[in-house]
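A short write-up of the structure that comes next.
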Amino acid sequence: MLDCPLTLHAPARRRRASLRRAIGRAVAGLTLATAAGCHAEPRASAAATTAGDVGGTVIIATAADPGVLLPPLAGSTQASAAIDQVFDRLADLGDSLNTFGDRGFRPRLSDRWTWAKDSLSVSFHLAPGARWHDGVPVRARDVAFSFALYTDPATASPLAPLLSNVDSVTATDSLTATFWYKRRFPTQFFDVTYNLYVLPEHLLARAPRDRLAETEFARHPIGSGRFRFASWTPAQRLELTADADNYRGRPKLDRVVWNVAPDFGTATIQLLAGDADFFENLRPESFGQTARLRTVRLVPYPSLDYGFLQFNLRAADGSARPHPLFADRDLRRALTLAVDRERIVRNAFDSLADVAVGPVPRALFPDWARLRQLPYNVATARALLDSLGWRAGPDGVRAKGGVPLAFTVLVPTSSLVRQRLAVLLQEQFRVVGARTTVEPLDLGAFGERERARTFDAVVGGWHTDPSPVSIRQTWGTAGSRVAGGSNFGSYESPAFDAQIDSALFTSDPAKARPHWLRAYQTIVDDAPAVWLFEPRLVAGVHRRVRVVGLRADGWWTRLGDWSVPARERIRRDRVGLR
């Protein structure tokens with residue numbers, strides 16, 4: 001049992017105290033970082049880059065391969081981080097993370113935009129100097145093409161539902177692309193700027209949309225961003241180099257390299273050994289060792305992540321038949337009642353996570369404290385299982401009609417934390433008569449099983465968009481039934497969908513809040529998942545690297561503005577552009 005109380009000897013107690021002090025400093029720093037993130041940032045800091053402050057290499061340790069570098073099909077944070085350097089959106093969300101209207105958004109591929117009087121269309125005026133990395137100018141036709149590609153059912157992009165309010169996109173002239181909406185929507189500007197990267201029509205027009213991931217472009221992408229794709233050895237290394245003539249300004253770094261580690265622990269070791277300069281998510285057990293190093297510092301930053309144990313409400317063979325266990329709402333509630341979430345989170349994260357309140361991080365839901373949670377209550381869980389007819393056998397495992405209360409929990413081998421959570425859950429389910437088997441899978445196989453819906457339960461996690469719209473994709477009926485949808489557990493609730501729609505179509509945020517509360521209460525009561533954790537993220541950074549703009553929606557959003565002072569550079573910084 002990993003959650004047994006530990007008897008600590010004196011040296012261990014001192015180490016524990018040191019660890020807690022390190023965590024305390026990190027959490028205090030997190031508060032400051034979060035507050036600092038609310039201040040406005042310069043609109044175009046990259047433009048100020050001069051020849052005297054460029055150069056250097058940053059090596060990023062990562063515990064998983066990007067998988068695919070094609071924006072419409074990317075599904076991992078590792079892929080998002082790289083794609084955001086190679087490709088451009090029309091506008092950037094900005095550091096305020098406001099998603100209503102266009103307040104706070106900053107020019108990117110579009111240097112300005114013009115709204116129609118009825119707000120049912122918006123025209124983006126492209127930066128005249130924007131070029132694809134092969135030298136071809138970026139034009140409005142590329143924008144219209146990109147929308148068509150994202151929304152083509154043959155592409156099966158999981159992002160297509162998030163663009164469903166757009167009727168069409170037209171190229172008004174060579175540098176003006178106009179989006180025509182079906183109806184006014186509070187986040188209609190965010191929808192098209194955040195969810196759509198602009199792709200080159202001249203390189204993808206003839207690509208088979210049902211096999212985009214197999215194309216040469218998917219292995220050697222060509223974008224218009226501040227970094228160019230250089231090389232990629234799957235499961236080993238991904239390298240980007242600066243686009244020296246980029247229309248948004250040359251990035252300060254020469255190169256960014258992702259070193260892909262087989263697991264979380266190895267990625268941490270890369271950082272501590274000096275083989276990497278940045279790791280986005282250090283765990284508490286590494287803090288003590290990190291604090292003793294003179295080369296690495298801890299940098300806390302906010303997150304929009306949450307994790308959960310998700311039940312599959314359909315049969316684990318991938319068919320549409322109901323799951324023999326989890327189609328029963330009362331059974332899911334009984335299992336949820338059996339989980340001491342506070343104890344599990346403290347055991348796995350120490351003080352670097354909060355118990356999740358539902359399918360939304362607290363930062364996006366100001367009324368989270370009003371949400372009624374299913375409490376930890378083993379006696380009530382047992383009584384509910386008894387009332388449902390699940391009786392304990394000689395081995396302590398309950399059964400009903402010859403079906404044992406037994407299921408498998410999938411976890412990715414890339415995450416030691418998720419594996420630990422699965423073991424802790426296994427023990428707590430055992431107490432009420434449920435037998436679970438933990439099945440670790442490499443991240444690729446884990447994702448395939450999720451998408452195919454061939455699982456009983458998974459320990460999953462979402463890095464959410466700043467907009468609540470994405471919940472339709474991850475927990476709504478649309479995300480369950482549409483091709484490429486991300487509602488892997490197939491939870492479907494008309495009441496939940498209706499409240500989400502009411503909230504999303506209310507332009508006044510204050511008036512939308514009651515709808516959000518009712519929607520989240522519905523899904524918490526239905527228990528399609530056990531909501532487990534919201535992490536407080538702490539990155540490990542080599543001291544010579546100056547990081548800026550570690551935003552909650554993505555630590556990488558200003559990677560082009562990171563720098564390495566010339567006087568502090570080491571051998572790998574001197575490789576330069578190749």
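All of these numbers come straight from a predicted model, not from anything done at the bench.
With hydrogens and angles ignored, the 3.5 Å screen pairs a side-chain donor or acceptor of Lys400 with a backbone N or O of Leu388. A distance-only check finds a donor-acceptor pair linking the side chain of Ser502 to the backbone of Ala498 [under 3.5 Å]. In terms of modelled atom types and a separation under 3.5 Å, the side chain of His515 and the main chain of Asp501 share no donor-acceptor contact. The main-chain N or O of Val459 is never found under 3.5 Å from a side-chain atom of Gln310 such that the two would form a donor-acceptor pair. Without hydrogens or angle criteria, Gln188 side chain to Phe185 main chain gives a donor-acceptor distance under 3.5 Å. Checking side-chain atoms of Arg449 against main-chain N and O of Thr454 turns up a donor-acceptor pair under 3.5 Å. Remark: side-chain polar atoms of Thr506 are not paired, donor with acceptor, to backbone N or O of Asp508 under 3.5 angstrom. With Arg332 contributing its side chain and Ala529 its backbone, the two residues share no donor-acceptor pair below 3.5 Å. The backbone N or O of Trp258 lies less than 3.5 Å from no partner atom in the side chain of Thr62, so there is not a single donor-acceptor pair. The main-chain N or O of Thr436 is found under 3.5 Å from a side-chain atom of Gln426 such that the two form a donor-acceptor pair.
Residues Arg420 and Asn347 have side chains that bring a donor and an acceptor to within less than 3.5 angstrom of each other. If you check the side chains of Ser480 and Glu492, you find a donor sitting under 3.5 Å from an acceptor. In summary, the side chains of His323 and Asn312 do not present any donor paired with an acceptor at a separation below 3.5 Å, with no hydrogens or angles considered. With hydrogens and angles left out, the side-chain atoms of Ser319 and Asp317 include a donor and acceptor closer than 3.5 Å. Asn487 and Thr474 form no side-chain donor-acceptor contact under 3.5 Å, judged by distance and modelled atom types alone.
Heavy-atom minimum distance, Leu238 versus Ala82: CD2-CB, 3.6 Å. The minimum heavy-atom distance between Asn195 and Asp465, with the atom names listed, is OD1-OD2, 3.8 Å. Across every non-hydrogen atom of Leu443 and Pro412, the tightest pair is CD1-CB, 3.8 Å. Of all heavy-atom pairs spanning Pro72 and Pro158, the tightest one is O-CD, 3.4 Å.
Side chains of Trp531 and Val357 form no contact here, defined as non-hydrogen atoms less than 4.5 Å apart. Contact annotation: the side chain of Ser493 never approaches that of Ile523 to less than 4.5 Å [non-hydrogen atoms, C-beta and beyond]. You'll find the side chain of Trp555 reaches within 4.5 Å of the side chain of Ile60, heavy atoms only. Contact of the Leu271 side chain with the Phe278 side chain is not registered, since no non-hydrogen atoms from C-beta on lie closer than 4.5 Å. Contact annotation: the side chain of Arg314 never approaches that of Pro322 to less than 4.5 Å [non-hydrogen atoms, C-beta and beyond]. No side-chain heavy atom of Phe446 sits under 4.5 Å from any side-chain heavy atom of Pro440. Taking the side chain as every heavy atom from C-beta outward, Pro366 and Arg513 approach each other to under 4.5 Å. In this structure, the side chains of Arg435 and Arg398 stay at 4.5 Å or more apart for every pair of heavy atoms.
Once rounded to the nearest 0.5 Å, the distance linking OH of Tyr301 with CG of Leu537 reads 4.5 Å. In this structure, Ser467 OG and Leu304 CG are separated by 11.0 Å, a value rounded to the nearest 0.5 Å.
Using cut-offs of 30° and 60° for the angle between ring planes, the Phe190 and Phe105 rings count as perpendicular.
Pairs passing the side chain to side chain donor-acceptor pair (under 3.5 Å) check and including a residue from residues 519-530, sequence neighbours excluded, read Arg329-Asp526, Tyr491-Asp526, Gln521-Asp525.
Applying the 6.0 Å contact sphere to CD of Gln289 captures no more than 12 heavy atoms from other residues, nucleotides or ligands. Within 6.0 Å of atom CZ in Arg370, 12 or fewer heavy atoms from other residues, nucleotides or ligands are found, so the atom counts as exposed in its surroundings.
A side chain to side chain contact (heavy atoms under 4.5 Å, CB included) with Arg472 is found for one member of Leu162, Leu504, Asp497 and no other, namely Leu504.
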- prompt: Would Val409 and Val458 count as a side chain to side chain contact (heavy atoms under 4.5 Å, CB included) if you check the C-alpha gap in whole Å, the side-chain angles of each, and the deciding distance to 0.1 Å?
  reply: CA-CA 5 Å; Val409 178; Val458 298; 6.0 Å; no
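With respect to Arg551 and Asp92, a salt bridge is recorded, a charged nitrogen being found less than 4.0 Å from a carboxylate O. Under a 4.0 Å N-O distance rule, the pair Glu448/Arg451 does not qualify as a salt bridge.
Stacking of Arg453 on the aromatic ring of Phe488 is not recorded, the 6.0 Å distance cut-off and the 45° axial limit not both being met. Cation-pi contact between Arg362 and Trp368: present, with separation from the ring centre below 6.0 Å and deviation from the ring axis of at most 45°.
The aromatic ring centres of Tyr306 and Phe533 sit 6.0 Å or more apart.
Not counting sequence neighbours, Asp330 has no partner by the side chain to side chain donor-acceptor pair (under 3.5 Å) test. With sequence neighbours left out, the side chain to side chain donor-acceptor pair (under 3.5 Å) criterion links Asn259 to no other residue.
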